[in-house]
Amino acid sequence: MNEFITNLQKIVTPKNVITNPRKTERFRTAYRAGVGEALCVVKPEKLLEFWHVLQLCVEFDKIIIVQAANTGLTQGSTPMGPYDRDVVIINTLKMNKIFLLNNGENALCLPGCSLSELEEKLKPFNRLPHSVLGSSCFGASVVGGVCNNSGGALVHRGPAYTELSLFAKINKKGELELINHLGIELGENAIEIIEKLDNEFPDKLVNNQKNTTHKKNTNYEQIVRDVNANTPARFNANPICLKDASGCAGKVAVFAVCMDTFPASDIQKTFYIGTNDPDQFQILRKKILEDFNSLPVIGEYMSRQTVEISEKYGKDLSLVIKFFGSKAINQLFSLKLTVDKFLSVLFKKEGFSDKFLQVLCDLIPCILPKRIKSFKKKYQHHLILKMENNGIEEAKIFLSKFFDKRNASWFECDDNEARLAEINRFVTAAAVIRKKNILGDRTGPILALDIALRRNEKNWFEILPQTISADIHTALYYGHFFCHVMHHDYILEPGVSAEKTKDKMLKLLEQKGAEYPAEHNVGRHYIAKQNLADFYKELDPTNSFNPGIGGLPTGRNYT
């Protein structure tokens, strides 16, 4: 056993240092596709262990990839070489404390806490985290959302952002530094600061807060309402959302963030809308954003084929979320990976669990409510519109007039219809992967694009030229419609290059003035724009954290 591993096992318990490639594979494998190499996976249980692991990695000149739930869609938290140094993955999920401040108005979150855990902790205060349902279904972490400029589905909140963070970085001299920008006095040196957070955050420290209220970077409600603007509402490389931990994409090691929380609404109602004319949705979007006093809570678009594939191939996930909640998802995914790995070694069978689960799913009748199934047959385009408080009556009056005698319809959902409609939307990404795994070699790879359209874009629904559409087996369209953030997932035809097809599509998007990615990390999927690349280099001048992100070089000092 080499000296580095031996020293790691002195910092954390030996069971939390994983070196067996078979056991590290799930940490090295990206959610959609792609697996890289790593010397080991380390799982510190305390922040002080985290700090000492980082120190050791710097001493032994290791590449550091910090990872939480590994739910990213762009290979942004897994290795993807080649590298000039050994890679160490530090998984933060065991460090998941949450400290509520200011009567729940702010939350101090350690690196492993999930959105669903924060949501549960805020319930007694009748408050909510920045994002709900979507990412939280799959165990996404609060810190991950901040690091990746994730936007989520909620129309009035914009990207996850905070200027209040505690993080470690490696400076130009190759020295590890701890930077306290939390706005809370925790001490003068790294050990003192970290130990206070490790030791249950004594109540008296709350009185030493200098500033635990967000320094706001945007007025997103105003931005999203400006439907005549020639630029997107939000996108990953937006300079106003790049600050310390926010947007860092793992180029620093985040120990804690302080986040705003939001009051839960008294009452919400969901409206399900269908049309065969995409222009009607664009007019609806413009009128609601310009004229309503209340912004929608969510406005989720799905094409007919997306509704169908989500229901068929995401049925088991939908049922788990409905009956057991989001907490069960991570455990099931972990079990699924273990089973697949065992069977692939034993019987040389790939993707067995997907095929087995799909056989079971096909025995279960369609779980979508009757009225949604009816709309699926009638309409090409679907919109889930959720309003709260006074906005509910605004929506009823507007929809009654707007859709009079038009080629469209709508209904007000009961609780079951609303819940299943939302869940069906948010299992889409997993359903696409399931469909691809079932089809196997009969199709090519998945190409997934995350797009921020201009706020004044009228031709929002994609019509591809024949030179590109001929290479696509299945095209799925869905997204956060009022923000004009769209997700396009394509299952390509056999033998078609995902990279070449992506290049063609990105050129078309650039001509439309769109930005990409919209709300995901650039990962290893997109080339970082110059301002974003400069931000990464400023945070991590030696290229020790997550090298290769955004198409940057993987070598020491960006060589």
Side-chain angles (χ1 to χ4, degrees), residues 149-161 216-242 271 273 275-303 381-388 390-391 394-404 406-408 410 449-463 477-488 505-519 529 531:
N149 271 345
S150 298
L154 297 169
V155 177
H156 47 296
R157 294 192 191 164
Y161 179 84
K216 294 290 192 295
N217 65 319
T218 63
N219 182 350
Y220 190 70
E221 289 195 21
Q222 182 179 337
I223 288 171
V224 77
R225 282 186 184 274
D226 188 359
V227 293
N228 297 313
N230 200 36
T231 55
R234 56 181 168 97
F235 56 98
N236 182 263
N238 190 341
I240 64 175
C241 293
L242 303 176
F271 303 91
I273 308 166
T275 184
N276 289 313
D277 181 2
D279 289 341
Q280 285 193 34
F281 273 178
Q282 182 58 20
I283 297 168
L284 174 146
R285 172 182 174 271
K286 190 173 190 298
K287 286 186 174 294
I288 288 178
L289 290 178
E290 283 189 322
D291 299 340
F292 274 33
N293 291 320
S294 302
L295 278 178
V297 178
I298 64 169
E300 292 299 299
Y301 169 77
M302 300 178 77
S303 67
H381 306 282
H382 298 237
L383 184 67
I384 304 165
L385 174 67
K386 180 187 282 188
M387 304 297 299
E388 62 185 0
N390 295 335
E394 278 189 291
K396 286 181 182 178
I397 294 170
F398 170 76
L399 292 173
S400 297
K401 294 178 180 177
F402 182 75
F403 285 118
D404 185 33
R406 294 171 183 261
N407 182 24
W410 65 278
L449 298 180
D450 171 34
I451 303 156
L453 299 174
R454 297 178 304 176
R455 283 168 281 175
N456 65 353
E457 180 62 64
K458 294 180 180 178
N459 299 317
W460 63 273
F461 186 72
E462 181 178 75
I463 300 177
Y477 299 105
Y478 55 103
H480 315 310
F481 187 63
F482 289 93
C483 301
H484 257 191
V485 167
M486 306 302 293
H487 302 300
H488 293 180
M505 290 183 169
L506 294 184
K507 287 176 183 176
L508 292 177
L509 291 169
E510 286 171 2
Q511 293 169 12
K512 294 182 70 171
E515 292 277 358
Y516 52 85
E519 60 176 0
K529 299 286 175 70
N531 72 297

Side-chain touch Leu284/Ile273, heavy atoms, less than 4.5 angstrom: yes
Partners meeting side chain to side chain donor-acceptor pair (under 3.5 Å) with His156 (sequence neighbours left out): none
Smallest separation among heavy atoms of Tyr220 and Ala233, with atom names: OH-CB, 3.6 Å
Check: Trp460 ring centre within less than 6.0 Å of Tyr301 ring centre: yes
Side-chain touch Trp410/Leu383, heavy atoms, less than 4.5 angstrom: no
Heavy-atom check, side chain of Ile288 versus side chain of Pro296, under 4.5 Å: yes
Heavy-atom check, side chain of Arg234 versus side chain of Ile223, under 4.5 Å: no
Stepwise side chain to side chain contact (heavy atoms under 4.5 Å, CB included) test for His480 and Glu519: CA-CA 10 Å; His480 315 310; Glu519 60 176 0; 2.8 Å; yes
side-chain contact (heavy atoms from CB on, under 4.5 Å) partner of Phe482, the single match among Leu295, Leu385, Val227, Ile298: Leu385
Short side-chain donor-acceptor distance under 3.5 Å, Gln280 and His381: no
Close side-chain approach of Asp226 and Leu289, heavy atoms under 4.5 Å: no
Residues which pass salt bridge (charged side-chain N to carboxylate O under 4.0 Å, His left out) with Lys287, listed by chain and number, not counting sequence neighbours: none
